[in-house]
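Encoded as structure tokens, the structure appears first; notes follow it.
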Amino acid sequence: MLFNTLQYFIFLPIVFIIYWWANNKSVKLQNILLLIASYYFYVCWDWRFLFLLVFSTGLDYYTGLKMFDASTLKNKKFWFWLSIVVNLGFLGVFKYYNFFAASFADFLSYFGFQVNIGTLEIILPVGISFYTFHGLSYVIDIYKNRIEPERNIVDYSLFVSYFPLLVAGPIERATHLLPQLKKKRDFSYSNAVDGLRQILWGLIKKVVIADNCALYANAIFDNPESHSGSSLVLGAVFFAFQIYGDFSGYSDIALGSSRLLGIELLKNFNYPYFSRDIAEFWRRWHISLSTWFRDYLYIPLGGSQGGMWMKVRNTFIIFLVSGFWHGANWTFIVWGALNALYIMPSIILNTNRNNLEIVAKGKFLPSVKDFCHILLTFGLTVIAWIFFRAASVGQAFLYLKGIFSNSILSIPENLPKMELLLCGCFLLMEWLGRENNYAIANFGKSWNVIFRWSFYLFLILMLIYFGAKEQNFIYFQF
Amino acid sequence: MKRFIKRIFVFSLLTFIMLIGIIVLSNILINKDSNFSIDKNNAYIVLGHSHPEEAFNDSIIQKTKNFARGGEHYFYTYLKAKKIIESNPQIKVIFLELTNNQISTDMTKWIEDTQKNLVHIPNFAPVMTFEDHSFLIKQNPWSYFKSQEMVIKNNLNFLLYRKKNILDQRDWGGFYANHRQKVDSIIKSSNEKQKVKTNSMKIEVDTTNLFFVDKIASICKNKGIKLFLIRSPQHSKYAYCENEEQLQKILKTRYSQLFYLDFEKFYLLNDDYADLEHLNYKGAKKFSLFFDSLLKKGLVESSNPERLVKDEILKHNTVK
């Protein structure tokens, strides 16, 4: 069940109505209902993998309790590593087995050994990277004595499987989500309206921006050798808009849906394309994953405590792992490495926390310097996206070679005027709303209800007019 | 909570009214102001499903425009015929395919199938009446509802870009040059002594589909247009030939007033077929040249066109 389908917009109101009307007296009943709805949501993808989800949930719940109750450190460590190994084992088998098998065979072939390591016909269970990370953060937090284990199996299962975040995040923390699931939720009119508004904006990002940009970007990336340098640049820029619209649109729909149910999820995007340097970009892009790696990998590795070398090494490690998290392909690893290289100057010069506030706060336009920095950062990001999108590292280099050719100054063969106009309007809306939670959070709030509703009706019409090319969300593959 | 539900209800109602308004208004505007006219020299049109679509190469046949389209239920053919006749007074003759598979209840899925309706409904929405919409809703409400998204998109595109001739913009049919040649392999993989059957084949007669043939016949009668029912060439191993008895019965009873031009026996090589029911571009060329020669020999004006067709086919087959 995709967020951008009619099925979801039948499912969500049904859950909403039963949740608030039938169960508003009891948190326990509300949570049971949400858990059933979440499992149903997951079953709509593939019922077979529900068992994996339930097993993973059960394992972390049980090991969490065992770790907390362990009388010795050795015992505690045993349960901890059992959970880590099994969780990463699932991820390894389902997501990375074929990659490792093929890479190992390639490696041996360099030394003249021709081996035939069988690859498996495995379907990647949707959301596995996300719910595994939910479970891991929970287990690590208990091991580090940051939290106590959740003893209510329904609440814990809901924490892992809550439908708005189940298949593509945001990656939640037990410390943030579990307390919300334990307490009584009261219906708030303004929150519910805000949730709907965020869903609408998420749909605009996905259906109007991402899906339309995808048509152009796919055409270029599927056949880069037959396009001019300028078309390749445009293709890469459109992919940058596609992935942002796609993933942040998904996150907006997730956050909005959850807000309708009175539960706040972690913010995942904060206008990343208005960043003035790469460090700022990574504080604004897929925030829940970046902070997860910071808290559960970078800091345990020593963070910035061990001098410059440690800082550089740890930064590289988290970017490489982050790339690898996205998928079993060298393209993602190179993408991660490239971002690590980008961020390195600011790490070494200790300027990585220079731009903490949103650009041009309280002003209409940025300074020339900020504008140039935004353009440069966006350009670097677009180059990295080429590796992310390309089918192979070789194709990415060919793509780059094609860009830096004489034809870079030519006019693209097919100039998609409508898509350019859409992206321009979208950027303008995002710029105007950059100080808010999401772009239209406060847009038109002070208007007369007729004008405000007309604006929303206009957005709905945009969805229909520019939609009808229903596409999957990119991050579902991760 | 009550306030929220109330407001959502009002907003949903407004959204619904806005969308209905756009659909109705754009359909009316396109129907009234758009151009459905074809070349003034085209006095004959061919209608039907994929068989005539791939058999009648209208660039070869004089004064003829092929409007047949693959997978088209007679309901859509009726809508098409009605509008084209209304907008093109020069049309004197309609050749309408009526072949074995079109009388089968298998055709029900052509009006109930969601994917087919998602293609056809947006194409024909502007020319539908209230009764036509009701008919479609009864067949498959889900596909009707879902197709309205494309109706809005297509209609707004049409109006915003100030397009005029709807026939240039929407897929209302036309000759399709098929480049396949699969007959030999189909026959080889089946029992050579039998007809090649498909799993879904049904022999029962579909009266809903034929109801719209009656309606086309009625329009033609009122407008003084000659309607010929035709059967495009089909391979002798084509499985639907098994309902020949039912077809002949329908022709003798329901359509006894109409001429039936039967090209089933028109001799063609296996190489001229795309598969057992469709001609490829080579077969279409041979057949279209033959059909053109029939028109030149006065097929339309003939008092006994069925005899003329039979005789000419016999001559053609004897030469071969």
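Note on naming: letters A, B, ... go to the chains in the order of the sequence lines (proteins, then strands), and numbering restarts at 1 for each one.
Within the 4.5 angstrom heavy-atom criterion, only side-chain atoms of Ile460(A), from C-beta onward, approach chain B. With a 4.5 angstrom heavy-atom cutoff, Met18(B) touches chain A only via side-chain atoms.
In terms of non-hydrogen atom pairs under 4.5 Å with chain B, the most contact-rich of Tyr189(A), Phe16(A), Phe187(A) is Tyr189(A).
In this structure, Trp172(B) and Phe36(B) have tilted ring planes: the angle between them lies in the 30° to 60° band.
Aromatic rings from Phe241(A) and Tyr216(A) are positioned such that their centres are separated by 6.0 Å or more.
No side-chain N or O of Asn117(B) forms a donor-acceptor pair with one of Lys146(B) less than 3.5 Å apart.
Between Lys65(B) and Asp39(B) there is no salt bridge, since no side-chain N of the basic residue sits under 4.0 Å from a carboxylate O of the acidic one.
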